[in-house]
Amino acid sequence: MSTVSQTHTAVPATSVKGAARAGVMARPGAEAVQEKGWWRAHKWLLLRRASQLGILALFLLGPWFGLWIVKGNLSSSLTLGVLPLTDPYLLLQSVAAGQWPYKEAVLGAGIVAAFYLLFGGRLFCSWVCPVNLVTDAAAWLRRRLGIKGGKVPSEYTRYWLLGLMLAASALTGSLAWEWVNPVSMLHRGLIFGFGLSWGIVLGVFVYDLLLASRGWCGHVCPVGAFYGVLNKTALIRVTADKRAECNDCMDCFAVCPEPQVIRPALKAVAQDHPLILDQDCTSCGRCIDVCSKDVFRLTTRFDRSES
Amino acid sequence: MSTQKNTRPSADGKSGQARRRFLKEMAGAAGGACMLALGVGLYGTEASARPASAIRPPGALPEPEFLAACVRCGLCVRDCPFDTLKLSELGDNVATGTPYFEGRKVPCEMCEDIPCVKACPTGALDRELTDIGKARMGLAVLIDQETCLNFLGLRCDVCYRVCPVIDKAITLELVHNPRSDRHAMLLPTVHSDACTGCGKCEHSCVLPEAAIKVLPYALAQGKAAEHYRKGWVEKEAAGGSLIGEQQQLPMRGLEDRKYGDTRVAPGYVPPSAEPSRPAGIDSGWKP
């Protein structure tokens with residue numbers, strides 16, 4: 001408690017808290033850029049963009065340059081002619097709709113599910129999913145324009161949708177979520193051609209920008225909810241092991257796509273250790289970037305050390 | 001123990017409040033999700049209609065099963081060596097992301113190894129199909145007899161000649177041309193027992209709008225009731241009529257003909273005694 005009150009004076013004016021006091025617009029992360037330099041203050045963001053664009057590039061090498069490393073799209077793909085990968089949630093909908101797929105698809109879904117179950121399901125959301133680029137852009141613009149308000153749906157909406165889409169698949173006999181799924185529409189659109197699908201992607205952008213802060217990925221998307229369920233046992237986790245250094249600038253809360261996950265670890269609410277174990281955490285590492293005090297770092301779920 | 005007892009009522013109140021808030025949020029989430037799910041379900045039902053010109057790849061399951069099995073990955077599209085298949089885009093009016101082709105644009109070349117079926121990881125394209133001749137993507141129908149050149153008595157024959165199953169899926173049937181009265185018409189005739197629905201005939205029809213089109217089976221074919229029997233088939237199978245030989249009644253005015261031959265050439269005079277009367281309302285016939 002005493003450390004917190006002492007550091008109050010040290011809150012920089014560009015941070016969320018400092019700006020709120022001064023009555024100006026916050027620039028979360030500006031302090032970190034000053035302290036650590038631009039590259040270190042964007043390290044995980046740049047790595048994440050490289051991962052997202054790199055995976056997309058692997059899919060595009062074939063149709064653009066005739067270099068067929070990966071065929072297909074995120075729904076189902078074949079790498080180097082041997083490795084099948086299939087979206088397990090998609091396959092669950094297919095099974096719910098009454099179709100038992102061939103072993104390639106089952107094997108592919110098994111490999112994907114095993115990978116994410118081991119390393120962390122929501123790594124998909126922040127390191128692979130192309131819609132993350134869209135919603136991150138919307139969140140950034142929302143911060144820069146200082147757009148407030150809107151109606152954010154409950155964060156449980158996605159879990160209800162996760163179940164209801166399986167029920168709808170069973171009732172209609174088709175892959176229910178695929179009629180609107182912006183994740184597959186964007187990825188397929190980039191590789192096979194958009195048609196009017198860009199309208200759905202634009203809809204997600206506008207929704208996150210004007211109606212609900214971090215609304216799509218954090219509250220609605222049932223694909224993210226599915227990977228959230230796989231995220232319960234994630235090996236890769238963020239820890240706030242230097243939480244004693246925290247100056248309460250609130251920048252991490254401002255950039256975090258799932259801000260509710262930080263508090264238990266950073267402020268020791270209902271837990272002692274500084275590890276963020278909440279299944280909603282996507283391990284995007286943006287909190288690590290924007291913290292000028294280097295409070296956070298990526299580690300494994302077994303590392304409960306605090307320094 | 002005692003401190004626990006003291007804090008209990010307030011904790012109860014707090015947890016009760018939290019529970020109420022949680023239940024309220026859950027109800028809101030469930031309601032919102034239900035609305036969205038209902039909307040998506042209805043939209044999906046609406047959008048699963050497919051234009052007749054959109055043909056599924058060979059081996060595709062019947063449409064309802066296909067929509068449940070196809071994960072929209074596009075691997076069949078990638079392995080199609082002729083770029084026939086494409087994934088539907090939103091606005092094509094075919095379930096978004098599912099593969100199809102249009103015979104008039106690029107027909108199926110009927111590869112013998114059927115790479116699209118081999119590529120499908122889910123079984124939306126059924127691997128039971130190993131002989132491309134057994135594919136039933138649709139059925140060609142000579143839909144416009146008013147513009148088809150062969151029906152006008154000309155010898156176009158293009159659909160017949162490009163058919164990969166020539167003389168089985170499309171035959172030319174010789175018919176008398178009543179217009180010239182001295183020529184034959186060779187009418188392209190599709191046979192459903194051999195047509196694969198590849199779309200070559202539709203693709204190559206020389207008219208600005210094809211007179212022969214590949215249609216989904218539901219549009220192209222009628223269906224006989226299950227209890228219908230063809231008498232002549234049954235008779236042949238049984239080696240004779242099932243209801244005994246029929247009385248053959250004489251046909252007045254055609255007594256010199258074979259039974260059933262009712263053709264009348266111009267100037268034919270029937271051998272019967274009665275002179276023919278004029279027909280119609282002025283025939284003078286009275287009961």
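Chain A is the first sequence line, chain B the second, and so forth, proteins listed ahead of strands; every chain is numbered from 1. Just the heavy atoms: all of them, side chains too, but no hydrogens, waters or symmetry mates, feed the values below.
Listed options B/Gly123, B/Pro64, B/Ala124 were ranked by heavy-atom pairs under 4.5 angstrom with chain A; first place goes to B/Gly123. With respect to chain B, the highest number of heavy-atom pairs below 4.5 Å among A/Ser76, A/Ser75, A/Gly62, A/Gly173 belongs to A/Ser76. Between chain B and the residues A/Gly193, A/Ala97, A/Pro222, the largest count of heavy-atom pairs under 4.5 Å involves A/Gly193. Ranked by heavy-atom pairs under 4.5 Å with chain B, the first of A/Glu178, A/Arg158, A/Gln93 is A/Glu178. Highest contact tally toward chain A, considering only B/Cys34, B/Ser88, B/Ala68, B/Gly31, is held by B/Ala68 [criterion: heavy-atom pairs under 4.5 Å].
Take B/Lys134 and apply the salt bridge (charged side-chain N to carboxylate O under 4.0 Å, His left out) test, not counting sequence neighbours, and it matches B/Asp131.
Interface remark: B/Ala95 contributes backbone and side-chain atoms alike to the contact with chain A (heavy atom separation under 4.5 Å). Only the side chain of A/Val220 comes within contact range of chain B, judged by heavy atoms closer than 4.5 Å. Proximity to chain B (any heavy atom under 4.5 Å) is shown, for A/Ser197, by both the backbone and the side chain. Of the two parts of B/Leu38, neither the backbone nor the side chain holds a non-hydrogen atom closer than 4.5 Å to a non-hydrogen atom of chain A.
Between the side chains of A/Gln260 and A/Asp278, no donor-acceptor pair of N or O atoms lies under 3.5 Å. For the residue pair B/Tyr100/B/Asp92, the side-chain donor-acceptor check at 3.5 Å is satisfied.
Contacts with chain B (heavy atom to heavy atom, under 4.5 Å) involve these residues of residues 149-157 of chain A, listed by number: A/Ser154, A/Glu155, A/Tyr156, A/Thr157.
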What side-chain donor-acceptor pairs closer than 3.5 Å can you find for residues 163-170 of chain A, not counting sequence neighbours?
residue: A/Ser169; atom: OG; partner: A/Met165; partner atom: O; Å: 2.8
residue: A/Ser169; atom: OG; partner: A/Ser174; partner atom: O; Å: 3.4
residue: A/Ser169; atom: OG; partner: A/Ala176; partner atom: N; Å: 3.2

Scan the side chains in residues 198-212 of chain A for donor-acceptor partners under 3.5 Å anywhere in the protein, sequence neighbours excluded, and list what turns up.
residue: A/Trp198; atom: NE1; partner: A/Gly195; partner atom: O; Å: 3.3
residue: A/Asp208; atom: OD1; partner: A/Gly215; partner atom: N; Å: 3.1
residue: A/Asp208; atom: OD1; partner: A/Trp216; partner atom: N; Å: 2.8

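Heavy-atom neighbours of A/Trp100 CH2 from other residues, nucleotides or ligands within 6.0 Å: at or below the threshold of 12.
Between B/Lys200 and B/Glu109 there is a salt bridge, since a side-chain N of the basic residue sits under 4.0 Å from a carboxylate O of the acidic one. Contact check on B/Lys168 versus B/Asp193 returns no salt bridge, with no Lys/Arg side-chain nitrogen under 4.0 Å from an Asp/Glu carboxylate oxygen. Salt bridge annotation for A/Asp136-A/Arg214: present, with a cationic side-chain nitrogen under 4.0 angstrom from a carboxylate oxygen. In this structure, B/Lys213 does not pair ionically with B/Asp144, as no charged nitrogen and carboxylate oxygen lie closer than 4.0 Å.
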